[in-house]
Amino acid sequence: MDPILDIRNLSIRYQGSAEPAVRNVSFTLGRERLGIVGESGSGKSTVGRAIMRLLDTAELTADKMTFEEVDLLNASERQMLKVRGQRMSMILQDPKFSLNPIQRCGHQIAEAYRTHVRCTKAEARQRAVEMLEQVHIRDPERVYDMYPHEVSGGMGQRVMIAMMLLTSPDLVIADEPTSALDVTIRLQVLRILDGLVRDKGIGLVMISHDLNLVRAFCDRVLIMYAGRLVETLDAKHLDRAQHPYTQGLLAAQPRIGGPRGPLSVLDRQDSWLNAQGEVA
Amino acid sequence: MKPITINDLCITFGAVQVLHNISLDVKAGECFGLVGESGSGKSTILRCISRLNDSWTGDVRIGDSAVRDMEVSDRCRMMQMVFQDPYGSLHPRHSIRTTLEEGLRINKLDDREGRMIRAMRDVGLPVEFLDRYPHQLSGGQRQRVAIARALILEPDVLLLDEPTSALDVSVQAEVLNLLVRLQKEKGFTYLMVSHDLAVVDHMCDRFAIMQHGRVVEVLPREAITQGGATQTYAQDLIGASLEYEHAI
């Protein structure tokens, strides 16, 4: 099967900084769920944004960076407008900041749909309401007319998911989709996202700092450290991680019912900065 | 070591009652957790105890004295708070030395240099960092400075408001280890807000589950793994956390 996303040796340098934020990252994505894990500042969100081509001032270099037949390195912004939001979309961390506060939730979903699909307003509304139903919102007609401040965080995030999946994209990038949510609703939102991604056969890139989350909701995991890919693992074999950084991250996590002795602490090695994860 | 006793604490913001008759007993030298969803009033309790919010009714005592009746300086010497966001809680244009010294100066403590050096050692930072500014430190180092600032006044009680939720797991481990060690060495009483039951399980002896400004249930640490919660919401919260953890 052809990969949806094929990235070879991607490096990203932000304007005004000497060091690249991401260097030599390579991976491919099929119709699967791929997790990218790392500490803050490791460049995981930067990779996500680069795929969406949202970093207009940063310097991107790569041997290859394609999304289906689109060459992401050389595509014009006009081409990207057709791709972004329609064939690939992104779910951001906090619905409080990613929804427009002065527009009704449903209107925003319908607008996103009408940007890419030619149809009447009534049709778009109909599709938006159906989509709200699919993300398990009980009273979609009512929520359609609510403003973002009137809905809870979990519901806001489901509105975001509805908006992003309505155009039936092939690729969804979820950047910390649940870290702003309470633990009681986190699973529910993840299950909804997971269900839709599986049903529709969407390729998912899940960016997260939470190893437990990717373990449960991804097929494959990339581990990033200081802008580099240090390891690629099957999610179910996360425990067999070879790289000391991955092992350290796993061990540093307090576990419910775990021993209460001191948690193990990462002993950062300079040699990790030279390590190269094998191409996935 | 001093216990915290909260009796019938209520607070109203505008028309909304945010805390409803909160009563809690935290034993001397205990680490007590407060968990619940966002907006349930966990942080507000800490802000009431420390009198950052002062429009509450009820009675809060540390040891034998009510926080309302204490002199400001006594209160600050008795309890200190560590905030969630180490990026927002240190003055960006004050060096670490200025930050730490301010409390010592206000409280007219002697041997400031010695106390600062000891505080830095206690939190595991090099003494040279005294002359750095917050932007020259990482998140974990900043949180250590915030802890140093709290413990330099030798309080009995530390109020911890999500002390690690802005940090990466790897850094969280360092800060949690530090808090455990300091409690052993100095016998602090901790009142810790957290949304992460794994952290609560690691740190706390007992914890209270909150919802909509009420304490739903007070449970010992063992209740997380062995069951024992009787209230529906407490069971749900623990269940969700265990499930999320992909239990054990």
Side-chain angles (χ1 to χ4, degrees), chain A residues 37-42 44 94 96 152-154 178-191 208-217 223-226 235-236 238-239 244-268 272, chain B residues 31 35-40 42 87 124 138-140 164-181 184 194-205 209-211 221-227 233-248:
Chain A
V37 183
E39 293 171 291
S40 47
S42 61
K44 52 194 194 310
D94 195 339
K96 275 205 285 286
S152 65
T178 54
S179 15
L181 306 180
D182 287 312
V183 70
T184 36
I185 47 173
R186 236 178 243 184
L187 270 182
Q188 187 194 4
V189 170
L190 282 168
R191 290 215 175 103
S208 176
H209 65 276
D210 189 336
L211 281 161
N212 285 316
L213 187 150
V214 291
R215 190 197 300 245
F217 286 97
I223 317 281
M224 286 189 72
Y225 177 71
K236 52 180 183 292
L238 210 56
D239 292 320
Y245 174 66
T246 319
Q247 292 170 343
L249 278 187
L250 284 166
Q253 180 103 37
R255 308 289 306 228
I256 291 178
R260 300 186 88 178
L263 296 161
S264 80
V265 172
L266 268 186
D267 181 20
R268 292 165 204 273
W272 297 355
Chain B
C31 180
V35 288
E37 57 193 17
S38 46
S40 61
K42 323 180 281 288
Y87 296 87
S138 70
T164 59
S165 57
L167 307 174
D168 285 306
V169 274
S170 48
V171 183
Q172 165 174 288
E174 294 173 21
V175 173
L176 292 182
N177 287 346
L178 168 67
L179 288 171
V180 170
R181 178 170 62 82
K184 273 192 199 130
S194 179
H195 65 272
D196 187 343
L197 267 185
V199 171
V200 169
D201 183 50
H202 182 77
M203 293 280 298
C204 300
D205 308 303
I209 291 182
M210 293 190 61
Q211 188 189 26
R221 175 204 177 216
E222 293 75 25
I224 301 177
T225 43
Q226 295 164 14
Y233 179 71
Q235 288 166 346
D236 288 352
L237 185 81
I238 292 173
S241 299
L242 283 176
E243 210 181 340
Y244 187 71
E245 266 259 330
H246 251 229
I248 311 151

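Protein chains get the first letters and strands the later ones, always in sequence-line order, with residue 1 at the start of each.
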Worksheet item: What part of B/L176 gets closer than 4.5 Å to chain A, counting heavy atoms only: side chain, backbone, both or neither?
Response: side chain
Practice prompt. Would you check, one step at a time, whether the test side chain to side chain contact (heavy atoms under 4.5 Å, CB included) holds for B/L197 with A/V183?
Written response: CA-CA 9 Å; B/L197 267 185; A/V183 70; over 6 Å; no
Worksheet item: Would you find a donor on one side and an acceptor on the other, under 3.5 Å apart, between the side chain of B/D168 and the backbone of A/S40?
Response: yes
Worksheet item: Can any side-chain N or O of A/R255 pair as donor or acceptor with the backbone N or O of B/A198 at less than 3.5 Å?
Response: no
Practice prompt. Please flag which part of A/S179 lies under 4.5 Å from any non-hydrogen atom of chain B: side chain, backbone, both or neither.
Written response: neither
Fill in: Heavy-atom proximity to chain B below 4.5 Å, by part of A/R186
side chain
Discussion item. At a heavy-atom distance under 4.5 Å, which candidate from B/D236, B/N177, B/L167 has the highest pair count against chain A?
Written reply: B/N177
Worksheet, complete the sentence: Interface check, chain A: of B/V169, B/D201, B/V171, most non-hydrogen pairs under 4.5 Å belong to B/D201
Separation of [Y] [atom2] from [X] [atom1] (nearest 0.5 Å):
X      : Y      : atom1 : atom2 : value
B/H195 : A/L181 : NE2   : CG    : 10.5 Å
B/I224 : A/I256 : CD1   : CD1   : 6.0 Å
B/S170 : A/H209 : OG    : NE2   : 10.5 Å

Practice prompt. Please name the pair of heavy atoms, one in A/G261 and one in B/H202, separated by the smallest distance, quoted to 0.1 Å.
Written response: O-CE1, 3.2 Å
Discussion item. Check A/R191 with B/E243, please: is the shortest side-chain N to carboxylate O separation under 4.0 Å?
Written reply: yes
Item to complete: Could you check which of A/D210, A/T184, A/L187 has the highest count of heavy-atom pairs closer than 4.5 Å to chain B?
Response: A/L187
Fill in: Full working for side chain to side chain contact (heavy atoms under 4.5 Å, CB included) between A/R260 and B/R221
CA-CA 11 Å; A/R260 300 186 88 178; B/R221 175 204 177 216; 2.9 Å; yes
Discussion item. Could you tell me if the side chain of B/M203 sits less than 4.5 Å from the side chain of A/P254, heavy atoms only?
Written reply: no
